[in-house]
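Working notes, structure below.
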Amino acid sequence: MEIKDTIMIAIEFGDTAGARDYEDGDFSGKEFYDKFLLPRFEKALEGKYILLIDLNNFWGWPSSFVSGSFGILSKKFNAETVLKHIKIKCESNPMKEEKAKYIIENPDKK
Amino acid sequence: MRIYLRYILAPILTLFIGIAIGKLVNDWPKFIINYEIKITDIIKIASTIAVGIFVPFIVKKMIDDKRSKNNNSLDELTGFSKTIENIHNYINELYKNKKIIARDKDYLSIQLDSSDREITELCSFLSENCSKQTSNLLEEMKTSYLNYWRISTSIEVTGSNVRKIEDITFKKISEKYTEINKKIRRVKSEIIKN
């Protein structure tokens, strides 16, 4: 599968990660999920391609934000499907990719 | 008795010693120096000398290199451990003061971002220079770090309505902190063992 779509999160969504839900303030994980991640992921699933999430210049990466976006996506579609259709890139801090992957693989872990 | 020793035994002993020396000198092995040396003999001698000089030198260098590599690895691990300790001390203060504001949450994010970079560097440095067993322990350490990040930036800490760190949350954070320290120590002792 090839990459056919990219979410440049710092440009399209905002440059700072908020917390998990809408009530936690702006730029929450849930907001990112509803407005960007879910619709674009569904398109990637239908079109059988990979959606690239570019995290460069995106500040902060709290687990609350990642759980509120990638965690929910993983619960809805399962980890295997999500990891098959999503690639996360962060050249400045590759650990962010691992963190997202970790939440996708363990969405319910507390 | 003294006369017997002086006039009979001493001349007899002297006689025997003289005969023995004469016999030894007469039968002394003779050496003939052969000035024709083969080129292979020269190579053999040179290589023996070279081995004698260089083997201890190379072994010493190898031991020194390994020791300095291990020291570097331990220094890197200590640095990372210190970063995590600083983060945890900060959380500890927030818990004790029963107060957390937006700035504290941002500070934690910044600190964890820098510890991210540290652990990435650390793992890439160590995995190039360590055994398979140490690599496995590094993976366990990384997972512990992810668990620590998960709980210390969870909604119970970063949520906008959160004004203080609750006892139960602090307990979970402390457990994960203990876990990551345990893993760091295991990696350290594995490096020392090797």
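Hydrogens, waters and symmetry mates play no part in the numbers below; they use all other heavy atoms, side chains included. Per chain, numbering begins at 1; letters A, B, ... match sequence-line order.
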Turns out that what part of Ser109(B) lies under 4.5 Å from chain A's heavy atoms comes down to side chain
Applying a strict 4.5 Å limit to non-hydrogen atoms, the region of Lys142(B) in contact with chain A is side chain
| message | If hydrophobic clusters are built from ILVMFWY residues whose side chains come within less than 4.5 Å, do Phe36(A) and Met8(A) share one? | response | no
Counting only heavy atoms not in Lys188(B) (residues, nucleotides, ligands), do more than 12 fall under 6.0 Å from its NZ? yes
Residues Ser63(A) and Ser154(B): side-chain donor-acceptor under 3.5 angstrom: no
Closest non-hydrogen atoms of Ser64(A) and Ile155(B), given as atom of the first, atom of the second and distance, are CB-N, 3.7 Å
The test is side-chain contact (heavy atoms from CB on, under 4.5 Å); show your working for Arg150(B) and Asn106(A) and say whether it passes. CA-CA 11 Å; Arg150(B) 185 170 201 160; Asn106(A) 308 282; 3.8 Å; yes
I'd like to know if Ile168(B) and Tyr177(B) are part of one continuous hydrophobic network [Ile/Leu/Val/Met/Phe/Trp/Tyr, side-chain heavy atoms within less than 4.5 Å].
no
query: Has Tyr22(A) got more than 12 heavy atoms of other residues, nucleotides or ligands less than 6.0 Å from its OH?
result: yes
| field | Cluster check Ile63(B), Ile192(B): I/L/V/M/F/W/Y, side chain < 4.5 angstrom | value | no
Review point. With the 4.5 Å side-chain cut-off for hydrophobic clustering, are Phe27(A) and Ile11(A) part of the same group?
Key: no
query = Among the clusters formed by ILVMFWY side chains lying less than 4.5 Å apart, do Met1(A) and Ile3(A) turn up in the same one?
reply = yes
inquiry  = Taking Trp61(A)'s backbone N and O only, do any of them form a donor-acceptor pair with Trp149(B)'s side chain (distance below 3.5 Å, no angle check)?
reply    = yes
Taking a cut-off of under 4.5 angstrom between non-hydrogen atoms, the residues of residues 47-59 of chain A near chain B are Trp59(A)
Note to self: Quiz question: by atom type and distance under 3.5 Å, do the side chains of Asp24(A) and Asn161(B) form a donor-acceptor pair?
What the structure shows: no
Given Leu146(B), Thr158(B), Val157(B), Ile119(B), the one with more heavy-atom pairs under 4.5 angstrom with chain A than any other is Leu146(B)
- request: With the side chain counted from C-beta on, respond yes when Asp113(B) and Met95(A) share a heavy-atom pair under 4.5 Å apart, and no when they do not.
  value: no
Margin query: Looking at Arg117(B) and Ser92(A), would you say the former's side chain and the latter's main chain have a donor-acceptor pair under 3.5 Å?
Written below: yes
>> Is it true that, when you exclude Glu105(A) itself, more than 12 heavy atoms of the residues, nucleotides or ligands shown sit nearer than 6.0 Å to its CD?
In response: yes
If you count heavy atoms of other groups shown closer than 6.0 angstrom to CZ of Arg40(A), is the number above 12? yes
For Gly159(B) and Ala19(A) the tightest heavy-atom approach is CA-CB, 4.3 Å
Looking only at Glu23(A), Glu98(A), Lys99(A), Lys96(A), the option with the highest number of non-hydrogen pairs under 4.5 Å against chain B is Lys99(A)
